[in-house]
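Submitted below is the structure of interest, expressed as structure tokens.
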Amino acid sequence: MKGVHFHVAFVLLALAFTFASAFDPSPLQDFCVAINNTNDSVVIFFFPYAVFVNGKFCKDPKLASANDFFFPGLNIPGNTSNQLGSKVTLVTVEQILGLNTLGISLARLDFAPYGGLNPPHIHPRATEILVVLEGTLYVGFVTSNPDNRLITKVLYPGDVFVFPIGLIHFQFNIGNTNAVAISGLSSQNPGLIIIADAVFGSNPPINPDVLAKAFQLDKTVVTYLQSRFK
């Protein structure tokens, strides 16, 4: 009899873990406007746990307004007078709280004339689709190991290109005029890892011996690069 009780308990525990790790890929309500002030939300407690939605509390739907779904000014050019000659203006759940759980976001990309660069980076949680509005962009991504194949294309106004989720990609202005593009991303919070910043500008720094061996560089070169990305 004890053996039966043990097996029943084991099955129930396994089911509990299954339910705890499950998720529905689509929203279960019209919207879930994110808020940071928990006093304005209704939190359901299943002792000893509180329920969160993608790390964001939901505003009472009756209190939602048009401003929760609105972001102005994407027509304003970004300031490209910086070292990279580019500016990315994000419109994620941080800018439009109503994007929470909807699985989509947007970005405007501005590039200075020849040389404006959105450097090699990845979005760990999103595929990106880009359309060029102005200028000429050289874009590409690198496939995963073991091939590490570079797939590139020169884009002109009206051209569209897709960067698969999690792959290193970049955009570079090869024209003599400003370039502008709009990107759609398949997450309300796509994340961003700029390769050079992450490798050479981590905090605290990665041991230079590790990077020297990984990149087959002299250690003095590594320490110089780390000083540049602090």
Q) Can a donor-acceptor pair be found between the side chains of Thr92 and Gln95 at a distance below 3.5 Å? A)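 Checked: Thr92/Gln95 side chains pair up, N/O donor to acceptor below 3.5 Å.
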Practice item. Would you check if the side chain of Thr127 reaches a backbone N or O of Ile165 as a donor-acceptor pair within less than 3.5 Å? Key: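 Looks like yes, one N/O pair under 3.5 Å.
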Handout entry: Nearest atoms (heavy-atom pairs only) where Asn178 meets Ala112
Key =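 Heavy atoms only, the tightest pair is OD1-CA, 3.9 Å.
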* Look up atom CG in Leu106 and atom CD1 in Ile129, then write down how far apart they are to the nearest 0.5 Å. =>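 Leu106 atom CG to Ile129 atom CD1 measures 11.5 Å (nearest 0.5 Å).
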Q: State the CG-CD distance between Asn189 and Glu94, to the nearest 0.5 angstrom.
A: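 Those atoms lie 6.5 Å apart.
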*asked:* Run the salt bridge (Lys or Arg N to Asp or Glu O under 4.0 Å) test against Asp30 and tell me which residues pass, sequence neighbours left out.
replied: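 Asp30 satisfies salt bridge (Lys or Arg N to Asp or Glu O under 4.0 Å) with no residue once adjacent residues are dropped.
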How many angstroms lie between atom CG of Asn100 and atom CZ of Phe31, to the nearest 0.5 angstrom?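 Interatomic distance, Asn100 CG to Phe31 CZ, rounded to 0.5 Å: 12.0 Å.
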Worksheet item: Taking the side chain as C-beta and beyond, is there a heavy-atom pair between Thr89 and Leu74 under 4.5 Å?
Response: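 The answer is yes; the side chains approach within 4.5 Å.
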(Q) The criterion is ring pair (Phe, Tyr, Trp, His ring centres under 6.0 Å); which residues satisfy it with Tyr156, sequence neighbours excluded? (A)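 By the ring pair (Phe, Tyr, Trp, His ring centres under 6.0 Å) rule, Tyr156 matches no residue at all.
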Quick one: are the ring centres of Phe200 and Tyr224 less than 6.0 Å apart?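 They do not qualify: ring centres at least 6.0 Å apart.
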| query | Do Phe141 and Phe170 make the cut of ring centroids closer than 6.0 angstrom? | reply |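 No - the distance between ring centres of Phe141 and Phe170 does not fall below the 6.0 Å cut-off.
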- Item | Nearest-0.5 Å distance that lies between atom NE2 in His121 and atom CD in Glu128 |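 Going from the NE2 atom of His121 to the CD atom of Glu128 covers 5.5 Å.
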message = Nearest 0.5 angstrom please: Ile96 CD1 to Ile104 CD1, how far?
response =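 If I round to the nearest 0.5 Å, the distance is 10.5 Å.
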TODO: Compute whether any side-chain donor of one residue and acceptor of the other, for Asn67 and Ser65, lie under 3.5 angstrom apart.
DONE: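 There is no such pair (donor and acceptor under 3.5 Å, judged by atom type) between the side chains of Asn67 and Ser65.
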**Q.** Pairwise side-chain contact, Val222 with Leu225, heavy-atom cut-off 4.5 Å (strictly under)
**A.**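 Result no, sub-4.5 Å side-chain heavy-atom pair not found.
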Discussion item. Take a 6.0 Å sphere around CZ of Phe229 and say whether it holds more than 12 heavy atoms from other residues, nucleotides or ligands.
Written reply: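 Result for CZ/Phe229: enclosed.
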Notebook entry, point to check: How about Lys87 and Arg108: do any of their side-chain heavy atoms sit closer than 4.5 Å?
Noted result: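 Sidechains of Arg108 and Lys87: no contact.
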Any side-chain heavy-atom pair of Leu211 and Val199 under 4.5 Å =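 Leu211 vs Val199: side chains touch.
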Looking only at non-hydrogen atoms, find the nearest pair between Gly191 and His123 and report the distance.
->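 Looks like O-ND1, 2.8 Å.
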Just how far is it from atom CD1 of Ile122 to atom CD1 of Ile195, taken to the nearest 0.5 Å?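 Taking CD1 in Ile122 and CD1 in Ile195, the distance rounds to 5.0 Å.
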**Asked** Just by distance, do the side chain of Thr143 and the backbone of Asp147 share a donor-acceptor pair under 3.5 Å?
**Response**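 Flag not set: sc Thr143 to bb Asp147 has no pair under 3.5 Å.
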**OP:** Ignoring hydrogens and angles, tell me if any N or O in the side chain of Ser86 forms a donor-acceptor pair with the backbone of Leu117 under 3.5 Å.
**Re:**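 Yes: the side chain of Ser86 pairs with the backbone of Leu117.
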Side chains of Asn82 and Asn79 only: does a donor on one sit below 3.5 Å from an acceptor on the other?
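Note: Asn82 and Asn79 side chains miss the donor-acceptor criterion.
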Checklist line | Any side-chain heavy-atom pair of Thr152 and Val139 under 4.5 Å | finding: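 Sidechains of Val139 and Thr152: no contact.
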Exercise. May I ask you to check whether Ser105 and Gln188 show a side-chain donor-acceptor distance below 3.5 Å?
Key: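 The criterion, which ignores hydrogens and geometry beyond distance, is not satisfied for Gln188 and Ser105.
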Cluster check Leu97, Phe69: I/L/V/M/F/W/Y, side chain < 4.5 angstrom:
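Yes, one cluster joins them.
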